[in-house]
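Following: one structure in structure tokens, then a few remarks.
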Amino acid sequence: MSLLSYLNRAFNGFPSSSKLLLVFSLSGGGLLAYSESQSNSPANSVEYERLANKKKVVVLGTGWASSSFLKDLDISSYDVQVVSPRNYFAFTPLLPSVTCGTVEARSIVEPIRNIIKKKNGEIMFWEAECTKIDEANKKVFCRSVIESNLVGKKEFSLDYDYLVVATGAEVNTFNTPGVMEYCHFLKEVEDAQKIRRSVIDCFEKAILPELTEEERRINLHFVIVGGGPTGVEFAAELHDFVHEDLVKLYPMVKDMVRITVIQSGDHILNTYDSRISTFAEQKFARDGIDVHTGCRVLSVSDKEVNMKVKYTGENVSMPHGMVVWSTGVSTRPVVKDFMDQIGQGKRKVLATDEWLRVKGCENVYAIGDCATIDQRKIMEDIAAIFNAADKDKSGTLTVEEFNDIIDDILVRYPQVELHLQNKHLTSVTDLLNDPEGNARKEVDIEGFKSALSQVDSQMKSLPATAQVAAQQGTYLSSCFNKRDVAKNTPEGPRRFKGTGRHDFLPFRYKHFGQFAPLGGEQAAAELPGDWVSVGRSTQWLWYSIYASKQVSWRTRVLVVSDWTRRSIFGRDSSRI
């Protein structure tokens with residue numbers, strides 16, 4: 001037993017509740033099993049107490065916002081659980097490339113369990129859909145999305161101390177009749193795969209014998225509703241797929257293919273610089289892609305798209321073989337129900353403050369496409385700001401007193417800086433100038449209100465893009481990591497209504513530019529500093545940036561290899 005005693009002492013340092021020692025007998029090769037229970041050991045008691053003291057954080061979603069949040073979160077102080085109907089993260093900007101086989105679907109997805117692996121703890125993931133948020137009792141109710149005859153309940157609930165809502169958004173149909181039944185969407189990986197199969201189906205159907213030429217043309221008419229980035233990029237990808245690959249396989253119908261983009265606004269890519277919008281329209285005209293602007297779709301059937309032309313007021317019907325609907329996003333039902341609970345039922349999007357905390361909730365945060373930041377207006381706090389700056393309580397505000405709070409104002413109300421840029425003012429103190437532009441030494445409360453009365457007109461909502469969502473996730477994880485430190489040494493601006501300072505700096509979005517691939521190895525880019533670039537060199541810049549932004553080296557290699565394969569062998573036209 002001396003060997004057994006030695007092994008027992010050697011394993012005493014391990015925190016497991018029991019140990020199993022396997023020792024081979026020298027005489028007959030027999031196996032001896034020895035187990036010692038240590039469920040009441042001091043080490044285990046400390047570990048259990050540490051886990052019990054952790055705050056429970058539940059994260060809903062595995063998109064850009066939640067993945068960025070989880071990737072940078074220090075979970076040593078948190079018990080983190082993730083709920084999502086998809087067990088992967090998808091690089092959604094490349095979804096249009098998946099629709100035509102330029103990039104394979106598996107090349108742009110990364111299993112979420114690979115992302116949430118941590119050295120300092122474990123994040124639990126549940127493949128399920130959140131069906132209800134109970135903010136009053138700090139619970140979320142979920143249902144498994146696994147459709148099979150496996151045993152066990154599908155419904156379960158989770159308690160939370162902090163809830164991070166990052167469910168994303170769903171396609172906005174504007175309640176247009178027929179859209180849900182007859183249109184394809186391009187929001188998820190599964191959507192892109194369906195579109196890819198449908199494109200091939202249209203060509204296979206068009207070459208069947210005994211079809212009239214008109215029937216072939218209708219089957220090969222692809223309509224994209226929405227002239228935003230997703231719709232334009234899909235139209236460009238589809239054009240390249242048809243003219244670089246499919247016309248070689250279906251030469252008998254190569255002159256019958258038609259691609260149409262329907263846009264309700266006056267221009268496609270209307271959120272971009274006008275130079276990019278004009279370049280895209282001119283290129284599409286050269287490529288033979290029809291662009292119908294000023295057209296609002298009234299209904300969609302299995303054979304036609306019915307729309308109203310704004311300029312003439314007439315209703316027009318357009319036959320189609322396939323329709324892709326890409327007109328914006330709307331709130332998911334579970335978030336709508338949550339908004340009704342907390343008094344935001346009349347809003348279209350869940351509102352948060354500048355620290356991404358849901359308004360009306362203490363411990364619920366919302367990031368990504370499911371929410372919008374409700375920036376506080378400076379005029380709501382104008383009296384409090386004046387009183388805080390007027391230290392001598394003289395009833396007037398001097399330039400020196402204003403200078404003392406300028407930094408806090410710029411951080412708390414970012415619209416002030418935008419107003420200065422719009423008015424071409426070099427200094428914040430220029431706001432105190434009289435109407436003729438002359439400097440004033442001091443102003444009273446009415447003059448102060450007048451000086452800042454136009455500032456709030458510069459407030460703008462952030463776009464529902466991957467770039468915004470990723471930055472919000474990174475910001476929120478930083479706040480969680482510094483939560484304990486910030487309570488003692490807050491880093492935020494002063495509280496004009498109240499005392500002290502805010503714990504954290506407000507979220508500030510930094511725009512790094514946006515791309516619009518336009519097909520034919522050409523792209524347009526709008527980059528910081530009012531720099532607009534178009535052409536083939538911009539396409540190579542797009543390649544390099546999108547490859548570098550992949551979530552892992554695995555997906556980075558796969559995407560680059562897909563681009564290489566496409567350039568050598570072309571796109572795969574198999575219906576799989």
Side-chain angles (χ1 to χ4, degrees), residues 15 43-84 86-89 110-128 130 133-142 156-168 338 350 352-358 361-368 370-371 469-492 502-507 551:
N44 276 320
S45 298
V46 173
E47 179 71 10
Y48 178 81
E49 184 178 354
R50 187 179 68 84
L51 291 173
N53 291 333
K54 280 188 172 185
K55 295 289 186 180
K56 294 181 180 179
V57 179
V58 174
V59 181
L60 304 180
T62 53
W64 282 92
S66 57
S67 297
S68 298
F69 172 76
L70 295 168
K71 185 168 59 175
D72 296 323
L73 181 65
D74 179 7
I75 64 171
S76 60
S77 301
Y78 300 105
D79 175 14
V80 184
Q81 301 181 65
V82 183
V83 179
S84 175
R86 288 171 295 278
N87 69 347
Y88 58 83
F89 163 81
E110 181 72 13
I112 193 64
R113 296 184 187 277
N114 290 347
I115 297 176
I116 63 178
K117 287 189 298 187
K118 296 282 186 177
K119 295 180 180 179
N120 58 346
E122 183 179 8
I123 295 178
M124 303 302 296
F125 171 75
W126 318 115
E127 187 175 353
C130 177
I133 300 171
D134 185 357
E135 193 271 335
N137 297 307
K138 292 188 176 181
K139 280 181 177 291
V140 291
F141 296 89
C142 310
F156 61 94
S157 63
L158 299 173
D159 298 322
Y160 67 83
D161 294 304
Y162 300 109
L163 176 65
V164 179
V165 182
T167 56
F338 176 55
L350 183 63
T352 72
D353 61 18
E354 298 88 336
W355 292 269
L356 308 183
R357 183 186 294 107
V358 173
C361 301
E362 182 64 27
N363 297 319
V364 182
Y365 299 83
I367 51 180
C370 68
Q471 290 187 31
Q472 288 180 341
T474 301
Y475 165 83
L476 188 59
S477 65
S478 174
C479 293
F480 271 68
N481 294 341
K482 299 182 295 185
R483 185 180 296 276
D484 292 337
V485 175
K487 289 180 180 179
N488 299 322
T489 55
E491 64 180 19
H502 293 279
D503 290 348
F504 306 104
L505 293 170
F507 172 74
V551 71

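Count residues from 1 along the sequence. Excluded from the calculations below are hydrogen atoms, water molecules and symmetry mates; all remaining heavy atoms, backbone and side chain alike, are included.
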TODO: Any chance you could lay out the side-chain contact (heavy atoms from CB on, under 4.5 Å) test for Glu491 and Lys482, step after step, and finish with the verdict?
DONE: CA-CA 10 Å; Glu491 64 180 19; Lys482 299 182 295 185; 3.0 Å; yes
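- Evaluation of the salt bridge (Lys or Arg N to Asp or Glu O under 4.0 Å) rule for Glu354 yields Arg412 as partners, not counting sequence neighbours.
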Open item on the list: Ile112 vs Ser67, test: side-chain contact (heavy atoms from CB on, under 4.5 Å). Steps then yes/no.
Closed with: CA-CA 8 Å; Ile112 193 64; Ser67 297; 4.0 Å; yes
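- In terms of the salt bridge (Lys or Arg N to Asp or Glu O under 4.0 Å) criterion, residue partners of Glu110 (sequence neighbours excluded) are, by chain and number, Arg554.
- The distance from the CD1 atom of Ile115 to the OG atom of Ser68 is 9.0 Å, given to the nearest 0.5 Å.
- Heavy atoms only, all atoms of each residue included: Ala469 and Trp64 are closest at CB-CB, 3.9 Å.
- Of all heavy-atom pairs between Val83 and Ala128, the closest is CG1-O, 3.4 Å.
- With sequence neighbours excluded, the residues forming a side chain to side chain donor-acceptor pair (under 3.5 Å) with Thr62 are Ser84, listed by chain and number.
- Within the 3.5 Å criterion, the main-chain N or O of Ala470 finds a donor-acceptor partner in the side chain of Thr474.
- A side-chain contact (heavy atoms from CB on, under 4.5 Å) with Leu163 holds for exactly one of Val57, Leu158, Ile133; it is Ile133.
- Scored by the salt bridge (Lys or Arg N to Asp or Glu O under 4.0 Å) test, Lys139 finds Asp159 as partners (sequence neighbours excluded).
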TODO: Could you walk me through whether Tyr78 and Lys54 pass the side-chain contact (heavy atoms from CB on, under 4.5 Å) test, one step at a time?
DONE: CA-CA 5 Å; Tyr78 300 105; Lys54 280 188 172 185; 5.8 Å; no
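- To the nearest 0.5 Å, atoms CE (Met124) and CD1 (Ile116) are separated by 8.5 Å.
- Legend: residues meeting side-chain contact (heavy atoms from CB on, under 4.5 Å) with Cys361, ordered by chain and number and at least two apart, are Glu135, Phe338, Ile342, Val358, Val364.
- Every residue two or more places apart in sequence or in another chain was checked for a salt bridge (Lys or Arg N to Asp or Glu O under 4.0 Å) with Asp161, and none qualifies.
- In this view, Thr352 satisfies the side chain to side chain donor-acceptor pair (under 3.5 Å) rule with no residue, not counting sequence neighbours.
- For Ser477, the side-chain contact (heavy atoms from CB on, under 4.5 Å) partners are Phe69, Asp72, Leu73, not counting sequence neighbours.
- Summarising the geometry of Cys130 relative to Val140, their closest heavy-atom pair is SG-CB, 4.3 Å, with the distance given to 0.1 Å.
- The shortest non-hydrogen separation linking Gln472 to Leu356 is O-CD1, 3.7 Å.
- Geometrically, Arg483 engages Tyr162 in a cation-pi contact defined by less than 6.0 Å to the ring centre and at most 45° from the axis.
- Remark: Asn137 engages Asp134 in a side chain to side chain donor-acceptor pair (under 3.5 Å) (not counting sequence neighbours).
- If you take CG on Leu476 and CZ on Arg357, they are separated by 9.5 Å, rounding to the nearest 0.5 Å.
- In this structure, Ala166 and Ser66 approach most closely via the heavy-atom pair CB-CB, 3.9 Å.
- Not counting sequence neighbours, the partners of Trp126 by the side chain to side chain donor-acceptor pair (under 3.5 Å) test are Gln81.
- For Glu127, the side-chain contact (heavy atoms from CB on, under 4.5 Å) partners at least two apart in sequence or on another chain are Asn87, Phe125, Val145.
- Between Tyr475 and Phe507, the two ring planes are perpendicular [angle over 60°; tilted spans 30° to 60°].
- With sequence neighbours left out, the side-chain contact (heavy atoms from CB on, under 4.5 Å) criterion links Ser77 to no other residue.
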